[in-house]
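Since the structure comes first, as structure tokens, the remarks are kept for the end.
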Amino acid sequence: MGKLKPGVVFGDDYKTLIEACREGQYALPAVNVVGTNTANAVMEAAARNKSDVIVQLSNGGAQFFAGKGIKDDLQAKVLGAVSCARHVHMLAEHYGICVVLHTDHANRKLVPWLEELLKHGEEFFKANGKPLFTSHMLDLSEESLEDNLAESERFLKMMAPLDMSLEIELGCTGGEEDGVGSDEDIGADNPKLYTQPSEVLEAYNRLSPLGHFSVAASFGNVHGVYKPGNVKLRPEILRESQKLLSETHGLKKNALPLVFHGGSGSEKSKIEESLGYGVFKMNIDTDTQFAFSKPVGDYVAANKAAFEHQIDPEDGTPYKSKYDPRKWLRAGEEGLIERLGEACTDLRSTGKSLAQ
């Protein structure tokens, strides 16, 4: 498998990266970021583990990146995503790894967000000869299959000329992710959580002539972490979907790039099994949020006085070096980096970066 230039990948290089995952039966961790601290920590973790990685933004993460002071929600979501993308473009090559830039879960109400991002993407492409984002996710799994695929066709026609890829969702991922979905969907007996192979085939038939795409096919996935028994993963759905595509179109094994949503808290055996069915990307937002937050909480608890007083009220000791935001933010970064090291091990991506 050929080597790639470090930095943000797109187009044929993105396809090369996915093909390496398919052939090597490993996947890339996909982490939702909310600011430069988390974005930098993801890239640092990838560099430490010699793994390529996926940096992605939910609509709320993009809005937070722009700053809560921007009152226009749509404007903030757009500007935050663009700002983050430009930040990663500038730094990724210096971390020496390949980065996929992606936006996460855009349902029907967030279609205007993607449309505005594509406008910025067109301007960036004209100026730089490459897309701003590697891919966007259009999640219309709550709609009818026809509505889902018709809108997916519309977006892929706009994205393909920009060397971009589209991620779609078939079947619902349970739980809630930044305003998309609901905890009411969760339950091992909910048929909406299990995609039918025939739906995957229909998506392939309609989208493959238009451009590159990947599918988040639901096999019992949920966002978040829940008590045992609430989640029942069935990776065999992925296997049967790939088998149907192969038999119908004469494709090689695991030809369709598949995405594992709701990876946080999943059984390691199910993660490993899914890697044998063409999964190249796994989202782990909930675990990485906790991994960032816990060390910050521990740091504050260990330095309690410094977060109540600038100067010790008894002996006059200044606490500036303790409450310096760089100290506790770095603690959070290190926690996220450690958790991503575990993810790279679980997904078998350690040491497999294509960056040369």
Side-chain angles (χ1 to χ4, degrees), residues 1-10 12-32 42-56 92 95-102 104 134-135 137 165 167 212-217 219 221 233-239 241-243 245-246 251-285 287-288 291 336-356:
M1 188 60 64
K3 291 291 186 177
L4 303 176
K5 181 181 177 182
V8 175
V9 297
F10 59 91
D12 288 340
D13 285 352
Y14 181 47
K15 295 175 187 176
T16 296
L17 186 57
I18 291 176
E19 181 67 9
C21 292
R22 188 193 70 81
E23 289 189 357
Q25 294 194 4
Y26 68 93
L28 305 180
V31 188
N32 285 34
V42 171
M43 291 187 284
E44 182 177 347
R48 283 194 191 184
N49 290 279
K50 294 181 172 57
S51 168
D52 299 317
V53 76
I54 300 170
V55 173
Q56 61 188 27
Y95 280 93
I97 38 87
C98 296
V99 176
V100 175
L101 263 174
H102 181 67
D104 199 19
T134 309
S135 56
M137 182 188 184
S165 180
E167 179 185 322
H212 188 266
F213 72 101
S214 59
V215 174
F219 55 103
N221 327 51
L233 293 177
R234 295 173 52 199
E236 64 270 17
I237 286 175
L238 307 182
R239 179 192 66 208
S241 296
Q242 295 282 25
K243 181 180 177 182
L245 285 181
S246 178
L251 303 174
K252 60 187 176 183
K253 184 179 179 181
N254 298 335
L256 180 65
L258 295 177
V259 176
F260 186 154
H261 277 245
S264 294
S266 296
E267 301 168 64
K268 294 186 186 296
S269 62
K270 299 296 186 183
I271 294 174
E272 184 174 2
E273 182 180 354
S274 73
L275 298 180
Y277 305 143
V279 166
F280 79 99
K281 169 180 183 266
M282 188 181 82
N283 292 14
I284 51 170
D285 182 41
D287 279 357
T288 50
L336 193 157
I337 290 165
E338 181 179 354
R339 179 61 183 86
L340 277 179
E342 180 184 344
C344 290
T345 299
D346 292 342
L347 296 174
R348 303 198 291 246
S349 68
T350 304
K352 295 178 181 174
S353 175
L354 296 190
Q356 61 179 356

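Heavy-atom minimum distance, Ser165 versus Tyr14: CB-CE2, 3.5 Å. The nearest pair of heavy atoms linking Phe260 to Val279 is CB-CG1, 3.8 Å. Between Ser349 and Leu28, the shortest heavy-atom contact is CB-CD2, 4.4 Å. The minimum heavy-atom distance between Asp52 and Ala355, with the atom names listed, is OD1-N, 4.3 Å. Across all non-hydrogen atoms, the minimal contact from Ser135 to Val100 is OG-CG1, 4.4 Å. A pairwise comparison of heavy atoms in Pro29 and Leu340 identifies CB-CD2, 4.0 Å as the closest pair.
Going from atom CD1 of Ile337 over to atom OG1 of Thr288 covers 12.5 Å, rounded to the nearest 0.5 Å. Taken to the nearest 0.5 Å, the SG atom of Cys21 stands 12.0 Å off from the CG atom of Leu258.
Remark: Pro257 engages Ile18, His212, Ser214, Phe280 in a side-chain contact (heavy atoms from CB on, under 4.5 Å) (not counting sequence neighbours). For the side-chain contact (heavy atoms from CB on, under 4.5 Å) test, no residue two or more places apart in sequence or in another chain qualifies with Lys50.
Within the 4.5 Å cutoff, the side chain of Val259 has no heavy atoms near those of the Val215 side chain. Two residues are said to be in side-chain contact when any heavy atoms from C-beta on lie closer than 4.5 Å; Phe213 and Glu167 fail this criterion. A 4.5 Å side-chain heavy-atom check between Arg339 and Leu336 finds every atom pair outside the cut-off. You'll find the side chain of Glu273 stays beyond 4.5 Å of the side chain of Arg234, heavy atoms only. Side-chain contact check for Lys5 versus Asp13: every heavy-atom pair is 4.5 Å or farther apart. Using a 4.5 Å cut-off on side-chain heavy atoms (C-beta onward), Leu238 and Ser274 make contact. Counting heavy atoms from C-beta outward, Glu342 and Lys268 have side chains that approach closer than 4.5 Å. The side-chain heavy atoms of Leu4 and Val9, taken from C-beta on, include a pair separated by under 4.5 Å.
Under the 4.0 Å criterion applied to side-chain N and carboxylate O atoms, Glu236 and Arg239 are not assigned as salt-bridge partners.
Checking side-chain atoms of Lys3 against main-chain N and O of Ser353 turns up a donor-acceptor pair under 3.5 Å. With Ser246 contributing its side chain and Gln242 its backbone, the two residues share no donor-acceptor pair below 3.5 Å. Proximity of a side-chain donor or acceptor of Arg48 to a complementary backbone N or O of Gly341 within less than 3.5 Å is not detected. Gln356 places no side-chain N or O within donor-acceptor distance of the main-chain N or O of Pro6, the cut-off being under 3.5 Å. Judged by distance alone, the side chain of Gln25 and the main-chain N or O of Gly276 form no donor-acceptor pair under 3.5 Å. Between the side chain of Asp285 and the main chain of Val31, no donor-acceptor pair closer than 3.5 Å is present.
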**Message:** Could you walk me through whether Lys252 and Arg22 satisfy the side-chain contact (heavy atoms from CB on, under 4.5 Å) test, starting with their C-alpha distance in whole Å, then the side-chain angles of each, then the deciding distance to 0.1 Å, before giving a yes or no?
**Reply:** CA-CA 11 Å; Lys252 60 187 176 183; Arg22 188 193 70 81; 3.6 Å; yes

**Prompt:** Checking side-chain contact (heavy atoms from CB on, under 4.5 Å) for the pair Leu347/Ile271: CA distance, chi angles, key distance, verdict?
**Reply:** CA-CA 7 Å; Leu347 296 174; Ile271 294 174; 3.7 Å; yes

**Message:** Apply side-chain contact (heavy atoms from CB on, under 4.5 Å) to residues Lys243 and Lys253 and explain how you reach the verdict.
**Reply:** CA-CA 7 Å; Lys243 181 180 177 182; Lys253 184 179 179 181; over 6 Å; no

**Message:** Evaluate Met43 against Val99 for side-chain contact (heavy atoms from CB on, under 4.5 Å), listing each step before the verdict.
**Reply:** CA-CA 8 Å; Met43 291 187 284; Val99 176; 4.3 Å; yes

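Side-chain atoms of Thr134 and His102 form no donor-acceptor pair, as typed in the model, at a separation below 3.5 Å. Donor-acceptor pairing under 3.5 Å is recorded for the side chains of Asn283 and Lys281.
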